[in-house]
Every structure is written in structure tokens, then in C-alpha cells.
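Below: one structure, written as C-alpha cells.
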Amino acid sequence: MYPAHRGCAFFLAVALTASGCASMAKVTNLSEESCRTSFTHHLSSILTQEGEQPEIADALAHKTVSTLTTYDLGPRPFAIAAPSGTDYRFFINRKGADCVLTLFGRRKGFVSYTNNVTYIATETLPSCTCTE
């Protein structure tokens with residue numbers, strides 16, 4: 001292996017290892033008004049930043065919170081399918097005492113983008129508690 005390629009291989013190995021460090025969690029108090037409001041606001045904010053219309057982003061956020069409150073999906077990624085044709089992939093992780101909403105992937109048609117090293121967007125969820 002050429003010396004320059006060894007450096008690239010090392011960086012790739014470190015990046016792949018680092019991506020496995022984030023552990024998934026689930027929000028445990030989503031039924032409480034303060035957490036539900038925070039989660040809805042921050043999810044809608046990410047969707048709006050990604051190009052969704054604000055009213056569509058709000059509706060998607062409310063529907064997602066309703067689904068996550070109704071069904072105990074555990075600590076796993078979840079997807080949102082927007083009318084724009086874009087599918088978004090999120091997970092919750094815990095950083096210290098904070099719950100963090102993380103957008104790590106999106107797909108529109110045949111174009112897919114995933115970033116599980118630095119992520120696409122993250123939002124801390126004030127008033128929410130989570131467990132791994």
C-alpha cells in the first residue's frame with residue numbers, strides 16, 4: 001500500500017469506528033406537554049431547514065410525536081416520509097443528561113445521503129428525558 005493510501009485507510013477506519021460510538025435512546029417523557037412541545041418544535045425546525053414548507057414540517061412533526069407516543073418503538077431509528085418525496089431518517093441519542101434529535105439520512109427518488117459520522121442536523125431536546 002502506498003504511504004498516502006495508508007493515511008486514507010487509517011482515516012476511514014477511525015471514521016467508521018467513531019460512527020459506532022453514538023448509542024440510540026428513546027424519549028421517556030414524550031407524553032408530557034413540555035417535552036412534546038420541544039420535540040415537535042425541534043423536529044419541525046430540522047425539516048424546515050431541509051427545505052420542507054413550515055406548515056408541512058409542523059404537520060409531520062405532530063404526526064411523528066403522535067406515533068412515537070402511541071407506539072413504544074424502543075431506542076431505534078425512525079423515518080418520516082414527506083409529501084415532497086423526501087424520506088428523512090432520525091434517531092435519538094443521549095449526551096450526558098440531554099436528549100438529542102439527530103437527522104442522519106435523507107432520500108429523494110434515487111438520491112440518498114447518509115452521514116453517520118458528523119450527521120446532517122442535530123437538535124437538543126430541552127424538557128425531554130431519554131434512556132438507552
Side-chain angles (χ1 to χ4, degrees):
M1 183 180 279
Y2 296 106
H5 291 118
R6 263 188 253 142
C8 291
F10 174 74
F11 175 76
L12 181 60
V14 170
L16 291 174
T17 303
S19 70
C21 293
S23 59
M24 283 181 259
K26 76 173 193 170
V27 176
T28 57
N29 65 331
L30 201 49
S31 59
E32 294 175 14
E33 182 65 29
S34 58
C35 175
R36 188 170 51 252
T37 300
S38 174
F39 193 104
T40 303
H41 170 75
H42 290 291
L43 178 56
S44 179
S45 175
I46 289 174
L47 293 171
T48 302
Q49 291 170 21
E50 290 297 311
E52 299 297 332
Q53 295 298 318
E55 54 280 348
I56 299 293
D58 287 345
L60 290 169
H62 282 285
K63 183 178 180 182
T64 300
V65 168
S66 176
T67 300
L68 293 175
T69 304
T70 304
Y71 303 101
D72 183 8
L73 302 176
R76 65 172 35 108
F78 60 93
I80 298 173
S84 65
T86 305
D87 297 334
Y88 299 96
R89 293 179 291 165
F90 291 89
F91 69 89
I92 306 294
N93 66 322
R94 193 167 141 194
K95 289 188 178 179
D98 294 329
C99 297
V100 179
L101 175 64
T102 303
L103 171 63
F104 72 95
R106 67 178 174 256
R107 179 185 194 114
K108 184 167 186 172
F110 295 108
V111 179
S112 179
Y113 176 69
T114 302
N115 183 334
N116 59 357
V117 177
T118 59
Y119 308 117
I120 299 169
T122 59
E123 292 278 346
T124 300
L125 302 171
S127 303
C128 293
T129 57
C130 55
T131 184
E132 294 176 348

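Note: Tyr119 and Phe91 have perpendicular aromatic rings, judged against thresholds of 30 and 60 degrees for the angle between ring planes.
When all heavy atoms of Pro54 and Ser44 are compared, the pair lying nearest together is O-OG, 4.3 Å. Nearest approach of Glu52 to Thr86, heavy atoms of both residues: OE2-CB, 4.1 Å. The shortest non-hydrogen separation linking Ser38 to Pro126 is OG-O, 2.8 Å. Here the closest heavy-atom approach between residue Arg89 and residue Tyr113 is recorded as NH2-O, 4.2 Å. Pro83 and Leu60 get closest at one heavy-atom pair: CD-CD1, 4.2 Å. Residues Ser127 and Asn29 come closest through the heavy atom pair O-ND2, 2.9 Å.
Rounded to the nearest 0.5 Å, atoms CD1 (Ile46) and OH (Tyr88) are 11.0 Å apart. Gln49 CD to Glu123 CD: the interatomic distance, rounded to the nearest 0.5 Å, is 6.0 Å. Expressed to the nearest 0.5 Å, how far OG1 of Thr37 lies from NE2 of His42 amounts to 10.5 Å. In this structure, CZ in Arg106 is found 9.5 Å from CG in Asn115, a value given to the nearest 0.5 Å. For the atom pair CZ (Phe78) and OG1 (Thr64), the distance works out to 6.5 Å, reported to the nearest 0.5 Å.
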* Starting from the C-alpha separation in whole Å, work towards a yes-or-no answer on side-chain contact (heavy atoms from CB on, under 4.5 Å) for Ile92 and Lys26. => CA-CA 6 Å; Ile92 306 294; Lys26 76 173 193 170; over 6 Å; no
* **Residue pair Thr102, Asn93: steps toward the side chain to side chain donor-acceptor pair (under 3.5 Å) verdict** => CA-CA 7 Å; Thr102 303; Asn93 66 322; 3.3 Å; yes
* Give the C-alpha distance, both sets of side-chain angles, the deciding distance and a yes or no for side-chain contact (heavy atoms from CB on, under 4.5 Å) between Leu68 and Phe39. => CA-CA 11 Å; Leu68 293 175; Phe39 193 104; 3.7 Å; yes
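A single hydrophobic cluster is not seen to contain both Phe104 and Val111; linkage of ILVMFWY side chains at heavy-atom distances under 4.5 Å, directly or through other members, places them apart. Criterion: ILVMFWY side-chain heavy atoms under 4.5 Å apart, direct or through other members. Under it, Leu125 and Leu43 are part of a common hydrophobic cluster. Residue Val100 is not grouped with residue Ile120 when hydrophobic side chains (ILVMFWY) are merged at heavy-atom distances under 4.5 angstrom, including chains of intermediate members. At a threshold of 4.5 Å between side-chain heavy atoms, the hydrophobic network of Ile, Leu, Val, Met, Phe, Trp and Tyr places Leu101 and Met24 in two separate groups.
A donor-acceptor pair under 3.5 Å links the side-chain atoms of Thr67 to the main chain of Lys63, judged by distance alone.
Ser31 and Thr69 share no side-chain donor-acceptor pair at under 3.5 Å.
Between Cys128 and Cys35, a gap of under 2.5 Å is found separating the two SG atoms.
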